[in-house]
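Read the structure below first, then the notes.
As the structure lists them, so they are numbered: ligands from 1, and atoms in each ligand from 1.
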Amino acid sequence: MRAEFFWGASTSAHQVEGNNHNDWSEWEAANAERLAKEASRQEAWLHIWPEVEDQATNPDNYRSGQAADHYNQYPKDLELAAGLGLNAYRFSVEWSRIEPQPGIFDEAAIEHYRQMVREARKQGMEPFVTMWHFTLPLWLRDQGGWHGRHAAEYFERYARKLAESLPEVKYWIILNEPTIYVGLGYLRGDWPPEHKNAFLAYRALRQLASAHRRAYRAIKTVNHDAQAGSAHQQVYFDPRPADFINHLSVSLHDYLFNRWFINRIRKEQDFIGVNYYLHEFVNLIVSGNTAGPQSDLNWQLYPVGLEYCLAGLKRYNKPLIVTESGLADKNDTHRSWYITESLAAIERAQTGGADVRGYFYWSLIDNFEWDKGFWPRFGLIEVDYRTQKRRLRPSAKVYSSLIKQKRAQ
Ligand code: BGC
């Protein structure tokens, strides 16, 4: 693999920091009881259910609260990451901390993230900083969030402030998975702001695309050398049976889900961030897929799909960075295999001409999995939420030795 490849892992602020006060924390307070009640109906079919039932039916599971206390424990977490041989760390800054009131910036919060950036560098890791990973300050939620009239302008102001205040950041991830956010928050209504409205969904998507473009230009004006892109969920759609109609349907799914947003920001990106988790069979429509090994969330584990998704993005002629890929695997049964196969998939994509510059496992430490709460365990590092103790999972050591091996090649 190329010498300057980034070997990383990712997290996001709300999922690990603890003590956030934003639209999600308020949504959790309002919905924790309901989610705990619904869990037995919605999740009892999961193979891991007997092991997680107590947690999943407890409302506390659905309140992010102290989370993994990464806000305070990050020096230790970064040290563990560096000890594994990672040379990059992706994390997000929390908009509600940085801009608690419209246009009023909290310099102490900014200083906190400046220290994180410095600590990552000190530990030999390149910081990749995400500006927005799903959460909104309450003042923006109250103005309609992403479908409100001025969301993109507000985001531009925030992005400019970040670029000015953190000039040492070289890699910015502007938005995380806008399509997933809009799908779950505006079409399915499972996430805040709980809409099921295609018109609002379209408006939110357009604002997000405009927010990305404005932020990109602001970053480049402040620091021309910075590299910026967004992270996009990419699903590998697989025609089954592979007949003409299903191929056509896959092209449509691929266009709408994987490429529509990227096309909207085509000129305003230095790289494309790829988040890969899902392999879906398409028989006219997405028809689900539970063949083969599965994660604790019963997502089919198909690392080969990463190669195909990367190959599909070659058309943009941009560097590609796998900004997330991982699995919920409490007992660490599949993680080592999954990481090994994902790296092999990347190598094959590179051989096929895709310019892949990095791989970030999701996630560095166990975290709060949005409306599923704490029970799904994605971390290379296990967190005991009672004591906040960290423990390396065996797969972390496997990832570490793969990095050492490949860096020596
Ligand atoms: C998101 C993460 C999430 C992960 C696993 C991605 O869609 O960016 O926040 O934890 O998937 O579901």
Trp299 contact mode with ligand 1 (heavy-atom cut-off under 4.0 Å):
side chain
May I ask you to list the atoms of ligand 1 that are less than 4.0 angstrom from any heavy atom of Gln15?
2 (C), 3 (C), 9 (O), 10 (O)
For the student: nearest non-hydrogen atoms of Gly83 and Lys404, plus distance
O-NZ, 4.2 Å
Result for ring pair (Phe, Tyr, Trp, His ring centres under 6.0 Å) between Trp24 and one of Phe134, Trp191, Phe368 points to Trp191
Give the table of side-chain donor-acceptor pairs shorter than 3.5 Å for residues 164-172, with sequence neighbours excluded, one pair per line with atom names and distance.
from: Ser165; atom 1: OG; to: Lys161; atom 2: O; distance (Å): 2.6
from: Glu168; atom 1: OE2; to: Arg118; atom 2: NE; distance (Å): 3.4
from: Glu168; atom 1: OE2; to: Arg118; atom 2: NH2; distance (Å): 3.2

Close-contact set for ligand 1 against Gln233 heavy atoms, below 4.0 Å:
7 (O)
Quick one: which ligand 1 atoms are inside 4.0 Å of a heavy atom on Phe378?
5 (C), 12 (O)
Among all protein non-hydrogen atoms, which one is nearest to atom 3 (C) of ligand 1, and what is the separation to 0.1 Å?
Glu369 OE1, 3.6 Å
To the nearest 0.1 Å, how far is atom 4 (C) of ligand 1 from its closest protein heavy atom, and which atom is that?
Tyr277 OH, 3.4 Å
Does the cation-pi check pass for Arg97 over Tyr71, that is, NZ or CZ under 6.0 Å from the six-membered ring centre and within 45° of its axis?
yes
Of Arg357, Gln227, Lys318, which meets side chain to side chain contact (heavy atoms under 4.5 Å, CB included) against Phe271?
Gln227
Any atom of ligand 1 sitting under 4.0 Å from a heavy atom of Phe368?
no
I'd like to check which ligand 1 atoms, numbered from 1 as shown, lie under 4.0 Å from a non-hydrogen atom of His133.
1 (C), 2 (C), 8 (O), 9 (O)
Which heavy atom of the protein is the closest neighbour of atom 6 (C) of ligand 1, given with residue, atom name and distance?
Glu324 OE1, 3.0 Å
Distance under 4.0 Å to a non-hydrogen atom of Glu177: what atoms of ligand 1 satisfy this?
1 (C), 6 (C), 7 (O), 8 (O)
Before we go on, tell me: are the rings of Tyr277 and Trp362 under 6.0 Å apart, centre to centre?
no
On the ring face of Trp375, is Arg377 found with NZ or CZ under 6.0 Å from the centre and within 45° of the axis?
no
Hey, does Asn176 come in under 3.5 Å of ligand 1, counting only N/O atoms on both sides?
yes
Would you please indicate if the ring centroids of Phe6 and Phe128 are separated by under 6.0 Å?
yes
Any N or O of Trp362 that comes nearer than 3.5 Å to an N or O of ligand 1?
yes
